[in-house]
Amino acid sequence: MVGQMYTVLALLHPMATALGTTSGQATWTATAFGFAYAAGFLLAGPLSDRYGSRAVITAGLVAATAATPAVGAASDLTWAVALRIVQGLTAGTFAPSALSYVVHHLAPQRHGTALTCITSGMLAAAVIMQIGAQAVAAGLGRRAVFWLGAALMALSLIPVRRVLQPTLRHGSSGRLRQAFSAMPQLLGRPRLVALHLSTVALMSSFVAVYTAVAIAGPPGVAGNSSAIRALRAGALPALVAVPVLAPVLQRLAAPLRAVLAFTLAALAVAAGSFLGGRTVALAIALLLFVAAVAAAAPAVVETINAGAARARGAAVALYGCSMFIGASLGPQLTEFGGDPGDAVGAA
């Protein structure tokens, strides 16, 4: 579900040709999805509080399964963007509901590991789904990417219905109004606002750093799509190692883990900026940076949950919205380093 945001980034050229537009204009299919996805987060969080995570995940999977192949069938850019908005809204129901499910159904001592696995999977989707989409498109065509994505989401309904536990419905429609009204109340807490802003900073940096490397990186990397994907894939071990090490990391309080992870991320980016054309050293710096991002994300979620009391679904929704606002803003940070269209495509 999360990876649907990134599939089109590997399909910009074939989509532009099929839709009769340019690659730069085709990037609107990514931007439109991103903001709709963030809006989907805002809807899904309160709905999870009211109807339960399993019900919202199921409804989102069904709707996204229908919307995804429709994107591949779009005949022009206007329809493609409109359908990507629908796809983004439906796909955006998954992550906040999954995060909320962890908090409500898993033992407290397992929260950290489970949240780390989910957030690491969200980050890994940026790499894995692009690589997979490119391979499928090369062999079966661009529309097959959307059909395969829809098929995988439909199959996901099986474990969702068989494994996830239902949540008891809470009260009446007044409960739903309370869930939505909790959002402005949460935004009135300076501590939570600071955590959401830190998430925007973290994710905008995550996307901006890789975009900058693609545009103005070492000669063997900048402008070379194969080298860029290899550099991204080189960071995947960090997204496996962090969940494996989660039991060790959980010995530290969530706020402390967040501070240490943000510090490591800043140091890794600073080191990478001085490495010049040393590609291997840059790859190591990026590996540490991605590890820091993967460790920071669940720590921030845990800290937000601890301060959100009974409005955890709404709080997690705001967190997810912050994540993807940051991810959408990231390419703009590198606008002066190259063509904006190339920046978004590289991200």
Interatomic distance, Leu197 atom CG to Leu202 atom CG [nearest 0.5 angstrom]: 12.5 Å
Leu164/Tyr101 under side chain to side chain contact (heavy atoms under 4.5 Å, CB included): CA gap, chis, key distance, verdict: CA-CA 9 Å; Leu164 298 189; Tyr101 182 90; 3.7 Å; yes
Same cluster (ILVMFWY, side-chain, under 4.5 Å), Leu155 and Val160: no
Sidechain-backbone polar pair: Thr68 side chain, Ala150 backbone, donor-acceptor under 3.5 Å: no
Parallel, tilted or perpendicular: ring planes of Phe41 versus Tyr37, cut at 30 and 60 degrees: tilted
Leu11 side chain reached by Phe146 side chain, heavy atoms, under 4.5 Å: yes
Path from Val209 to Leu287 over hydrophobic side-chain contacts below 4.5 Å: no
Exam field: side chain Ser120 to backbone Cys117, donor-acceptor pair closer than 3.5 Å: no
same_hphob_cluster(Val86, Leu42) at 4.5 Å side-chain heavy-atom cutoff: no
Check against side chain to side chain contact (heavy atoms under 4.5 Å, CB included), Leu89 and Phe35: CA-CA 9 Å; Leu89 282 170; Phe35 283 108; over 6 Å; no
Which atom of Ala291 lies closest to which atom of Val242, heavy atoms considered: O-CG2, 3.7 Å
Side chain to side chain, Leu288 and Leu267, heavy atoms closer than 4.5 Å: no
Pairwise side-chain contact, Leu123 with Met203, heavy-atom cut-off 4.5 Å (strictly under): yes
Considering all heavy atoms, the nearest Ala95-Val2 contact: CB-CG2, 4.5 Å
4.5 Å side-chain heavy-atom contact, Ile57 and Thr93: no
Close side-chain approach of Thr199 to Tyr319, heavy-atom, < 4.5 Å: yes
Test item: Ser205 and Val269 side chains (from C-beta on) under 4.5 Å apart, heavy atoms: no
NE2/His13: more than 12 non-hydrogen atoms of other groups inside 6.0 Å: no
Donor-acceptor contact present, side-chain Arg257 to main-chain Leu252, <3.5 Å: yes
Separation of Trp147 CH2 from Leu152 CG (nearest 0.5 Å): 13.5 Å
Side-chain heavy atoms of Thr303 within contact of Arg191, under 4.5 Å: yes
Pairwise distance CD1(Ile158) to CG(Leu61) - rounded to 0.5 angstrom: 11.5 Å
Note, Phe33 side chain near Val8 side chain (heavy atom, < 4.5 Å): no
Thr119 (side chain) donor-acceptor with Thr116 (main chain) under 3.5 angstrom: yes
Shared hydrophobic cluster for Val102 and Leu195 (ILVMFWY, side-chain gaps under 4.5 Å): yes
Nearest-0.5 Å distance that lies between atom CD in Gln250 and atom CG in Leu245: 11.0 Å
From Ile118 atom CD1 to Thr113 atom OG1, the distance as rounded to the nearest 0.5 Å: 11.0 Å
Interatomic spacing from CD in Glu302 to CG in Leu115 - rounded to 0.5 Å: 5.5 Å
Side chain to side chain contact (heavy atoms under 4.5 Å, CB included) between Arg54 and Gln165, intermediate numbers included: CA-CA 7 Å; Arg54 189 178 78 161; Gln165 300 174 9; over 6 Å; no
Candidate pair Met122 and Met323, rule side chain to side chain contact (heavy atoms under 4.5 Å, CB included), full reasoning: CA-CA 10 Å; Met122 293 167 68; Met323 279 189 71; 4.0 Å; yes
